[in-house]
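Each remark here refers to the structure printed beneath this line.
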There are 2 protein chains.
Amino acid sequence: MSKIIIIEDDIYLREELVNTFVKKGYSVSSIPSFDAPEKEILNSAPDLAVLDINLPGKSGFELCKWLKARASFPILILTARDTLSDELYALGLGADDFLTKPCHPDRLIARAERLLQTYGKVRNLVQAGDLILDIDTYKVIWKNAHVVLSDTEGKILQVLLERYPAIVSKQDLSLVLWGGDEYVDENILQVNMTRLRKSLDVIGLRDIIQTVRGQGYRLEVREP
Amino acid sequence: MSKIIIIEDDIYLREELVNTFVKKGYSVSSIPSFDAPEKEILNSAPDLAVLDINLPGKSGFELCKWLKARASFPILILTARDTLSDELYALGLGADDFLTKPCHPDRLIARAERLLQTYGKVRNLVQAGDLILDIDTYKVIWKNAHVVLSDTEGKILQVLLERYPAIVSKQDLSLVLWGGDEYVDENILQVNMTRLRKSLDVIGLRDIIQTVRGQGYRLEVREP
DNA sequence: GCGATTCCTTACACCAACTGTAAGTGTTAT
DNA sequence: ATAACACTTACAGTTGGTGTAAGGAATCGC
């Protein structure tokens, strides 16, 4: 069953929300502390996040924007702030739905399930900013264009996307691509990097892969 | 720019909605008569449909269900019926969002744009019921499983999906697959049909392609 | 029931795309 | 200027996809 994470600081409401979804059979988690919510959320790898706006530390808006630039699960905003401008702002940041408290549990469930269903169709997507990669087929989507990569090229891009925006060392890439034990010539990685760059160039993604001399490679995606 | 279709029988409200979207630069159409709305909607091949519930003839609910089983664009329900049960019913039918009249134009636009964005990510999907095909990569998604088809197999399934639920003749399939002019042995079609069936069987889609003796093939998809 | 038609399946060989190897060229830092 | 690092191109082996061919199974009409 799908995995849902609740990001809500009011402990009573949090428990209530957890219960609502647990009753429906979902696997639900929530975060107890708000020191580094981003990490906890990404680590739990949810299928859906239910996000409050008024949080200690980083606001829900900031969190939403941050997550949307990196993760590929839907985000449902649930907040007591019921102004139109809040809603417009949230949707503009990429939030997938916006509900105001108090919210009938049935409505929340229905909206959440709608999102899970929609995103279920496009499972196995990795994204960073506007760039999307289907890891089953290695189809890359950007703006209005797309291209299907070969196996090796796709795997490289996948690793870069998963660790975005960090630098990935050549060694790490070789490890993932050709298994760990033996020494692998790094030339083959460079060859495939050239091929990948050429493929991405076709849809206008020139210079998206940066070389960091002596350290490795990293993606440079312009934020939405 | 994206194409939006408005299905609304009140002529004044319809014009207002059209204007709202036109001002934003969208290509907007609406249907003047409600004799055969399904056909008109499908023919216009929109990127988004804005749908009223209370319509002459078929209700918006029925229309939503019918479209969702066949088309792959999002549907936004916009109605004066503001009960929770209406909303739950609409979402259950597969509607992508549910707004109540009167609705602030900015909210409508924001919600519509969110749907366009979400579905834009998964462009080039053909679907019938629960079955989805990505026509760029020929990835088939059904329930929780997926499989990537080869080129020929994918094209066959695409044709069957596009004409679903009609029967497609062997000749038509040959025409689409191997071009029109010359005579083509139908054996190669049968060979590929076997291969396609075997591929689909892997994800549990046994017997989804029916043979209609003397006429051709058709899909048999159980409705959601 | 029996032949004829239609449809299905398997085996095989050709071809194109992907991949890694090798060698040479370009770039950057000291 | 030189060494280290990074990039590019050409080539050949392998693999997966495709069509051909031939024979087997199911269905229809009599």
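To find a chain, count down the sequence lines: A is the first, B the second, and so on, and within it residues start at 1. Worth knowing before you read on, the calculation uses all heavy atoms, side chains too, and leaves out hydrogens, waters and symmetry mates.
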Query raised in the report: Just checking Thr194(B): base, sugar-phosphate only, or nothing, at a heavy-atom cut-off of under 4.0 Å?
Result: base
**Report entry** Distance, rounded to the nearest Å, where Leu173(A) contributes CG and dC7(D) contributes P
**Finding:** 12 Å
Query raised in the report: Atom CD1 of Ile209(A) to atom C1' of dC7(D): distance rounded to whole Å?
Result: 13 Å
Report task. Rounded off to whole Å, could you give me the CG-to-P distance for the Asp151(B) and dC18(C) pair? Result -> 11 Å
Query - dG19(D) phosphate, OP1 or OP2, under 4.0 Å from Trp178(B) side-chain N/O - result: yes
Report summary line: Arg163(B) meets the salt bridge (Lys or Arg N to Asp or Glu O under 4.0 Å) criterion, sequence neighbours left out, with Asp172(B)
**Report entry** Ala95(A): side-chain contact (heavy atoms from CB on, under 4.5 Å) partners, not counting sequence neighbours
**Finding:** Cys64(A), Ile77(A), Ala90(A)
Requested in this report: For Glu113(A), check side-chain hydrogen bond (donor to acceptor under 3.5 Å, both in side chains) against everything at least two apart and list the hits.
Outcome: Tyr26(A)
Report task. Examine dC8(C): is either OP1 or OP2 under 4.0 Å from a nitrogen or oxygen in the side chain of Tyr217(B)? Give yes or no. Result -> yes
Report task. Show your working on salt bridge (Lys or Arg N to Asp or Glu O under 4.0 Å) between Asp96(A) and Lys68(A) and close with a plain yes or no. Result -> CA-CA 10 Å; Asp96(A) 294 89; Lys68(A) 270 294 165 184; 2.8 Å; yes
Query raised in the report: Which listed nucleotide (dG17(D), dC7(D), dG20(C)) is nearest to the side chain of Asn192(A)?
Result: dG20(C)
Report summary line: residues 44-53 of chain B vs side chain to side chain donor-acceptor pair (under 3.5 Å), sequence neighbours excluded, gives Asp52(B)-Lys101(B)
Query raised in the report: For Lys24(B), what residues pass the salt bridge (Lys or Arg N to Asp or Glu O under 4.0 Å) criterion, not counting sequence neighbours?
Result: none
Report task. Note the angle between the end axes of the helix from dG1(C)-dC30(D) to dT30(C)-dA1(D), five pairs defining each, rounded to 10 degrees. Result -> 40°
Query raised in the report: If you measure from the Lys or Arg side-chain nitrogens to the Asp or Glu carboxylate oxygens, is any gap between Lys155(A) and Asp151(A) under 4.0 Å?
Result: yes
Report task. Round to a whole Å and report the spacing from NZ of Lys198(A) to P of dC18(C). Result -> 13 Å
Report task. Could I get the full list of side-chain hydrogen bond (donor to acceptor under 3.5 Å, both in side chains) partners for Ser27(B), not counting sequence neighbours? Result -> none
Report task. Whole angstrom is fine here: how far is it from CZ in Arg197(B) over to P in dA26(D)? Result -> 14 Å
Query - Partners meeting side-chain hydrogen bond (donor to acceptor under 3.5 Å, both in side chains) with Ser199(B) (sequence neighbours left out) - result: Glu153(B)
Requested in this report: Report the nucleotide, chosen from dT18(D), dT9(C), dT9(D), that has the shortest atom-to-atom distance to any side-chain atom of Gln190(B).
Outcome: dT9(C)
Report task. Please state whether the phosphate of dT6(C), meaning OP1 or OP2, lies under 4.0 angstrom from any side-chain nitrogen or oxygen of Lys170(B). Result -> no
Query raised in the report: When you check the phosphate oxygens OP1 and OP2 of dT19(C), does a side-chain N or O of Ser150(A) lie under 4.0 Å from one of them?
Result: yes
Query raised in the report: Rounded to the Å, how far apart are Leu196(A) CG and dT19(C) P?
Result: 11 Å
What pairs of nitrogen or oxygen atoms, one from the protein and one from nucleotides 21-28 of chain C, lie under 3.5 Å apart?
from: dA22(C); atom 1: N7; to: Asn187(A); atom 2: OD1; distance (Å): 3.4
from: dA22(C); atom 1: N6; to: Asn187(A); atom 2: OD1; distance (Å): 3.3
from: dA23(C); atom 1: N6; to: Asn187(A); atom 2: ND2; distance (Å): 3.1
from: dT28(C); atom 1: O2; to: Arg213(A); atom 2: NH2; distance (Å): 3.4

Query - Distance below 4.0 Å between Thr211(A) side-chain N/O and dA6(D) OP1 or OP2 - result: no
Query - d(CD, Gln210(A); C1', dC5(D)) in whole Å - result: 17 Å
Query raised in the report: What is the distance from OH of Tyr138(B) to C1' of dG17(D), rounded to the nearest Å?
Result: 14 Å
Query raised in the report: Should Glu38(A) and Lys58(A) count as side-chain neighbours, where that means a heavy-atom distance under 4.5 Å?
Result: yes
